[in-house]
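For reference, the structure discussed in these notes is given below.
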Amino acid sequence: MIDASDISYDNLWASKRALAEGCSKRAAEESYGTILGATLSAMFPERIRRAVLDGVSDSHDYMAGGWSTNLRDTDLLFAKLAEYCFEAGRDSCAVYDEDGPAFIAANIQSTIAKFKHNPIPVPGNATHGPQIVTLNDLKLFFRDIVYMPLLELPRTAQILHELSQGFGTTLSAWKRDRIPQRGQPLSKRCLEDGPYSPSCFSGAHTWDVTYGIACSDGLSRLNQTKEQYREYANKIMAQSRLIGAAWASIQLPCTAWHARPHWRYDGNFHNETAHPILFAGNTFDPVTPLYNAFVMARGFEGAGVLQQNSEGHCTYASPSMCTGRALREYFQSGRLPGSKGGLEDWDGYGALCEPGRLPFDGYEKGTTPELPKGETDKKLWEALVSLNQVWP
């Protein structure tokens, strides 16, 4: 997306889809592109004729090895779940309460608190053995679904409802899907590498590469003490009850990572590019908060910010015709969306876009819903939906 002066509209969306497919579902990979984009833009500003950085990481924090500015909005997803659930009604949301969103949120918290001390056994059947689901399983589930709430909040509500009734069927099914299927022959690579090696987990995410990049990019953590790490972990867990514990573990491997890069960018991410950069983000992004887009935009002369009023990681977590048109216009003509002062507390160019679909409204993976009311650009809508659904 760095130089799109001769890229066609079709190729643009094909490139974005390929990027999303390759990046999988972890913030360390997904958001790393904005680190690369900001670094390239700071080092070679004269070569930047178009650049969109979507789902923006705080490059200053990342290069310091902090991973401490990612979770400021994560737990707001609980509040949004309650709001959407109440709006959708009893027939669409399993944890609906007629007394309103506050009661729905309180019921969810009560269910989780009870589940913490009461893990639930799930009986086996003809295709799988018995399991026990625990609070740790629920937290791992939360870490996965916060990236794509448009698709995943209905299943989240179903899981929470079942837990409140003392059942764990849906959570158990999700847990089984995360591990290799029994009865299938092991791959040659698995046999060579041995049991419990990453190659024995078909489709599993291998974090070795992520740690190698992140620990080398950031400042050395070899001298970090256990007490210092404990203080850091407590700080991160205080930011998010949903995924704070899992997020704090990202920094842990760096305390034993010895390799250092020969060349490392030590600049301040400030420059004037040949053409202004467009930063984009959702109102409630669980791992790259919108706040980071403004932090980074202030370092690049004339940059704009596109805010999509939705949840999830990156704007394509919810298809939006408004966002799609804005990005297309920017790449084709260079015009930043909105106007100066178009967003609150931001004096540069900014625009606010609404999503085309909401959680619990019947949107499902594997389907292409009808065009939003009043829209006519079918090709753009299909591209946006396709991009949204490439996630596994």
Side-chain angles (χ1 to χ4, degrees), residues 24-36 38-39 42 55-76 112-113 116-117 134-144 146-147 178 193-194 196-198 201 204-270 285-289 291-292 295-296 299 313:
S24 186
K25 57 182 180 181
R26 301 296 186 203
E29 295 178 356
E30 188 68 32
S31 309
Y32 188 59
T34 67
I35 304 292
L36 297 178
T39 303
V56 185
S57 290
D58 180 347
S59 295
H60 308 280
D61 175 68
Y62 172 82
M63 294 301 285
W67 294 81
S68 59
T69 61
N70 300 84
L71 307 183
R72 64 184 294 149
D73 294 334
T74 309
D75 287 7
L76 293 174
I112 294 174
K116 179 179 180 179
H117 301 290
T134 68
L135 180 63
N136 187 58
D137 296 320
L138 185 62
K139 286 185 174 181
L140 289 173
F141 172 76
F142 284 152
R143 171 161 181 165
D144 274 4
V146 293
Y147 288 78
R178 290 174 56 88
D193 294 349
Y196 302 105
S197 63
F201 291 81
H205 180 83
T206 301
W207 281 93
D208 296 354
V209 174
T210 296
Y211 294 141
I213 294 172
C215 297
S216 298
D217 283 347
L219 299 175
S220 175
R221 295 281 169 183
L222 290 176
N223 295 325
Q224 188 174 28
T225 66
K226 292 180 180 179
E227 290 71 22
Q228 289 171 332
Y229 176 76
R230 183 181 295 110
E231 181 180 351
Y232 165 80
N234 288 335
K235 172 185 174 183
I236 300 303
M237 288 189 289
Q239 292 178 6
S240 171
R241 289 178 294 172
L242 278 177
I243 67 172
W247 198 264
S249 69
I250 295 175
Q251 194 190 85
L252 189 58
C254 299
T255 62
W257 189 266
H258 289 260
R260 301 303 304 162
H262 286 291
W263 299 278
R264 183 175 181 274
Y265 176 71
D266 290 315
N268 60 6
F269 295 99
H270 280 65
D285 187 308
V287 291
T288 53
Y291 180 81
N292 289 352
V295 169
M296 295 306 300
H313 184 43

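Here the structure is a predicted model, which is why all the values come from computation and not from measurement. Numbers for residues simply follow the sequence, beginning at 1.
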Original post:
Taking Asp137 for the side chain and Thr134 for the main chain, is one N or O donor matched with an acceptor at less than 3.5 Å?
Top reply: yes
Original post:
Quick check, are the ring centers of Tyr62 and Trp67 under 6.0 angstrom apart?
Top reply: yes
Subject >> Flag if over 12 foreign heavy atoms under 6.0 Å of CD, Glu231 >> reply: no
**OP:** Ignoring hydrogens and angles, tell me if any N or O in the side chain of Gln251 forms a donor-acceptor pair with the backbone of Ala248 under 3.5 Å.
**Re:** no
Original post:
Which pairs with one or both residues in residues 212-243 pass disulfide bond (SG atoms under 2.5 Å apart), sequence neighbours excluded?
Top reply: Cys215-Cys254
**OP:** Apply salt bridge (charged side-chain N to carboxylate O under 4.0 Å, His left out) to Arg72 and list each qualifying residue two or more places apart in sequence or on a separate chain.
**Re:** none
Subject >> Enclosure of Arg221 CZ (heavy-atom neighbours >12, cutoff 6.0 Å) >> reply: yes
Original post:
Where is the tightest heavy-atom contact between Thr34 and Ser57, given as atom of each residue plus distance?
Top reply: OG1-N, 3.1 Å
**OP:** Give, for atom CG of Leu242 and atom NZ of Lys139, the distance between the pair rounded to the nearest 0.5 Å.
**Re:** 9.5 Å
Subject >> Euclidean distance, Thr74 OG1 relative to Asp285 CG, rounded to 0.5 Å >> reply: 8.0 Å
**OP:** Evaluate the criterion side chain to side chain contact (heavy atoms under 4.5 Å, CB included) for residue pair Val295 and Val56; output intermediate values, then yes/no.
**Re:** CA-CA 9 Å; Val295 169; Val56 185; over 6 Å; no
**OP:** Keeping the roles fixed (side chain from Ser216, backbone from Ile213), state whether a donor-acceptor pair exists under 3.5 Å.
**Re:** no
Original post:
More than 12 non-hydrogen atoms from neighbouring residues, nucleotides or ligands closer than 6.0 Å to OH on Tyr265, yes or no?
Top reply: yes
Original post:
Is Asp61 close to Asn70 at the side-chain level, that is, under 4.5 Å between some pair of heavy atoms?
Top reply: yes
Subject >> Flag, side chain of Tyr232 to backbone of Glu227, donor-acceptor distance under 3.5 Å >> reply: no
Original post:
What's the verdict on side chain to side chain contact (heavy atoms under 4.5 Å, CB included) for Leu222 and Thr255, showing C-alpha distance, side-chain angles and the deciding distance?
Top reply: CA-CA 5 Å; Leu222 290 176; Thr255 62; over 6 Å; no
Original post:
Relative to the ring of His60, is the ring of Phe269 parallel (under 30°), tilted (30 to 60°) or perpendicular (over 60°)?
Top reply: perpendicular
Original post:
Looking at CZ of Arg241 and CD1 of Ile112, how far apart are the two atoms once the value is rounded to the nearest 0.5 Å?
Top reply: 8.0 Å
Original post:
Going from CE on Met237 to CH2 on Trp247, what distance comes out if it is rounded to the nearest 0.5 angstrom?
Top reply: 15.0 Å
Subject >> Set of residues satisfying side chain to side chain donor-acceptor pair (under 3.5 Å) with respect to Ser240, sequence neighbours excluded >> reply: Asp75
Subject >> N/O donor-acceptor pair under 3.5 Å between Gln239 side chain and Gly244 backbone >> reply: no
**OP:** For the residue pair His313 and Ser31, confirm or rule out a side-chain donor-acceptor distance under 3.5 Å.
**Re:** yes
Original post:
Rounded to the nearest 0.5 Å, how far does CD1 of Ile35 lie from CE of Met63?
Top reply: 8.0 Å
**OP:** Please step through side chain to side chain contact (heavy atoms under 4.5 Å, CB included) for the pair Thr69 and Asn292, ending with a clear verdict.
**Re:** CA-CA 8 Å; Thr69 61; Asn292 289 352; 4.1 Å; yes
**OP:** Flag the pair Asp217 / Arg264 as yes when at least one side-chain heavy-atom distance between them is below 4.5 Å, and no otherwise.
**Re:** no
Subject >> From CZ (Phe142) to CG (Leu135), nearest 0.5 Å >> reply: 8.5 Å
